[in-house]
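Because the structure is a prediction, the values reported are computed rather than measured. In what follows, chains carry the letters A, B, and so on, assigned in the order in which the sequence lines appear, proteins first and then strands, with residues in each chain numbered from 1.
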Number of protein chains: 2
Amino acid sequence: MGLTLRQMRYFAALAKERHFGRAADAAHISQPALSAQILDLEQTLGVRLVERNRNGILLTRDGEEVLQKVSLILEQVERLEGLRRSSSSMLDGLVRIGIIPTVAPYLVPKLVPCLRNLSASLELELKEAVTDRLIVDLQEGRLDAVIAALPVQGDGLETVSLFTDRFFMAIANNAEAILMSPLTETQVDIDRLLLLEEGHCLREQALSVCGTAGKRSLVNFGATSMTTLLQMVSHDMGMTLIPEMAIPTETARNDIRIVPFADPAPSREIGLIWRRSSGRRDEMKALADAISDRATTNR
Amino acid sequence: MGLTLRQMRYFAALAKERHFGRAADAAHISQPALSAQILDLEQTLGVRLVERNRNGILLTRDGEEVLQKVSLILEQVERLEGLRRSSSSMLDGLVRIGIIPTVAPYLVPKLVPCLRNLSASLELELKEAVTDRLIVDLQEGRLDAVIAALPVQGDGLETVSLFTDRFFMAIANNAEAILMSPLTETQVDIDRLLLLEEGHCLREQALSVCGTAGKRSLVNFGATSMTTLLQMVSHDMGMTLIPEMAIPTETARNDIRIVPFADPAPSREIGLIWRRSSGRRDEMKALADAISDRATTNR
DNA sequence: AAGATCGATCGGAAATTCCTATGGGACTGA
DNA sequence: TCAGTCCCATAGGAATTTCCGATCGATCTT
């Protein structure tokens, strides 16, 4: 068909030993085998590479030239061969994780030290985007894992739950509206419900929780982050659904009242998603354990 | 044993097509064959290179890294493969010729245009040294051919005669010694015979011609060139054997009388010598023809 | 639930590579 | 000069690798 590494390896041995017999020994084959491969190589290249002499051989000028190129190639092949991974089986190297915006700000600070514990030689690359975009990136290999609200649909994906994140309602502290606590969905004034822009799963979840999946909210500034939304709440522009994990961070910044829902409290399930074909199931499970440990304790 | 180019070629095809079936088509093999080679490659490297998905495949990070190296290697191999010589069969590229010092100065000016005629794409490299040294260089591959006085002995050499070079005697023009013309060897005054330093074949030839092979010359400055020798002759320091081919050049510079020998005139045979194993017999014959043509005409 | 797609596996055929034995050229040394 | 030696090429058959067609198993689609 074409050149082979075998031919090149034998040729390199021959060039080194300058003698068919010795080169064959060095290559652990018989002299005729080496002879044949060299002949093949010469024929393939259409060039006489060696002069056969009584006392060993001599490379022709073409042979010298070819030897140089062959040596380069063999060296690179060797380097490639020596690249066999230590296959540490645990996470290492670069890991790219996508996280949805309503989780990222609150989880990342816990995630980073947690991963540092899991593996020292680990470089993290994070991407924040809405679920759909993250899933596409995951499926096309630009991400290794995604942290998003379950369920998630997509071909070839595998999922494990990390933790349950209950929803609360956030209202202005000085709000005159007196809300029963615990809250029921019927008490929510749909016109005052503030929502994230389209694409955020939390937007749909909020509408669903408040039993208004079909209707459109009149107050729709399409906020891009929970922080913006809560800023609006604290200015008494309305109320919004807030996931439990966001509460410590967001209430520290805003003067806001957090009202729980009546049982059964609505919630979202945050999960870790990866490609089944990635063959990193065990690593992902370990990662999930580490994350859920960290996320549920000392919150 | 180790990596093979076959594996790499298939892997490159797979990376390009991102689909086992299509890659197999592109490589003109069956899908199982490709599959097996990829698996082999993965096992050899100890690394999973591709993620098998429902819709084509995805390279792992290791796969991307390996692909890059493999591409480089394949590119070099391709370049090497495309190097098949046009096998112009005639002389071209660099040709290294060694010439003995008593021939070089007089032949080289004729040689250069002559070779230019033989082949345009020809680079000439000349070396001047005594026969023994040239022959060693030839046998060890540092020269492609030697021009020296025949016969020459050495393993694996082939020879062809270029031309016959008669000897003359050179004496000072004002020499009081009256020499018969033509000359016979008995007329030579051994004490006045000037010789080149040891190693030059012309030295031995001169001694042989003058029938004094055994004796030592008293006048022995060990000159390193004919020109020096003839300078000495013109200063009436003695006489010396001069080959016919040197006469035009040397008599133009020195005031010298050239005396022929009686028949049968002594002479040396200049020949072209190369390694039998070089497989360039035809080229060498052609070269010899060209040289002897040029050397015998318009001298 | 049936069909379709895709890569892996299996079993035997085909091709390549290898080994032992031998041939043939070129030098060596009686 | 003639057997002996060294060296690479060739020959023939064995061993290994590669390949193909058929089929499996998993996954997704309808």
Identify whether the distance between the nearest side-chain nitrogen and carboxylate oxygen of [X] and [Y] falls below 4.0 Å.
{"X": "A/Arg61", "Y": "B/Asp144", "value": "yes"}
{"X": "B/Asp155", "Y": "A/Arg54", "value": "no"}
{"X": "B/Arg79", "Y": "B/Glu75", "value": "yes"}
{"X": "A/Glu158", "Y": "A/Arg275", "value": "no"}

Pick base, sugar-phosphate or nothing for B/Arg54, based on heavy-atom distances below 4.0 Å to the nucleic acid.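 Touches a base.
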
Mind checking A/Gln37 for me? I need base, sugar-phosphate or nothing, with any heavy atom below 4.0 Å counting as a touch.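 Sugar-phosphate, backbone atoms only, no base.
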
Rounded distance in Å - [atom1] ([X]) to [atom2] ([N]):
{"X": "A/Glu42", "N": "D/dC8", "atom1": "CD", "atom2": "P", "answer": "13 Å"}
{"X": "B/Arg275", "N": "D/dC8", "atom1": "CZ", "atom2": "P", "answer": "15 Å"}
{"X": "A/Asp40", "N": "C/dC18", "atom1": "CG", "atom2": "P", "answer": "10 Å"}
{"X": "A/His19", "N": "D/dC6", "atom1": "NE2", "atom2": "P", "answer": "10 Å"}
{"X": "B/Leu59", "N": "C/dG7", "atom1": "CG", "atom2": "P", "answer": "13 Å"}
{"X": "A/His28", "N": "D/dT16", "atom1": "NE2", "atom2": "C1'", "answer": "18 Å"}
{"X": "A/Asn53", "N": "D/dC6", "atom1": "CG", "atom2": "C1'", "answer": "13 Å"}
{"X": "A/Gln7", "N": "C/dT16", "atom1": "CD", "atom2": "P", "answer": "12 Å"}

Residue mapping more 5' on DNA chain D - nearest nucleotide basis, A/Asp155 or B/Ile29: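 Mapping each residue to its closest nucleotide by heavy atoms, the 5'-most match is B/Ile29.
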
Taking for each residue the nucleotide of DNA chain D with the nearest heavy atom, is it A/Leu39 or A/Arg6 whose nucleotide lies nearer the 5' end?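 The residue whose closest nucleotide sits nearer the 5' end is A/Leu39.
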
Heavy atoms from C-beta onward define the side chain here; which of C/dG7, D/dC19, C/dT20 lies closest to that of B/Gln31?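 Nearest listed nucleotide: C/dG7.
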
What nucleotide among C/dT17, C/dT9, D/dC8 has an atom nearest to a side-chain atom of B/Pro32? C/dT9

OP1, OP2 of [N] versus side-chain N and O of [X]: anything below 4.0 Å?
{"X": "B/Arg22", "N": "C/dT5", "result": "no"}
{"X": "A/Arg276", "N": "D/dC28", "result": "yes"}
{"X": "A/Arg52", "N": "D/dC7", "result": "no"}

If you take all heavy atoms of B/Cys201 and B/Ile100, which pair is closest and at what distance?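 Smallest interatomic distance, heavy atoms only, reads SG-CD1, 3.8 Å.
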
Let me spell it out: for each of B/Gly154 and A/Thr4, pick the nucleotide of DNA chain C with the closest heavy atom. Which residue's pick is nearer the 5' end?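 Looking at the nearest nucleotide for each, A/Thr4 comes out on the 5' side.
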
Using heavy atoms to find the nearest nucleotide of DNA chain C for B/Gly156 and A/Ala33 separately, return the residue whose nucleotide is more 5′.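 The 5'-side residue here is A/Ala33.
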
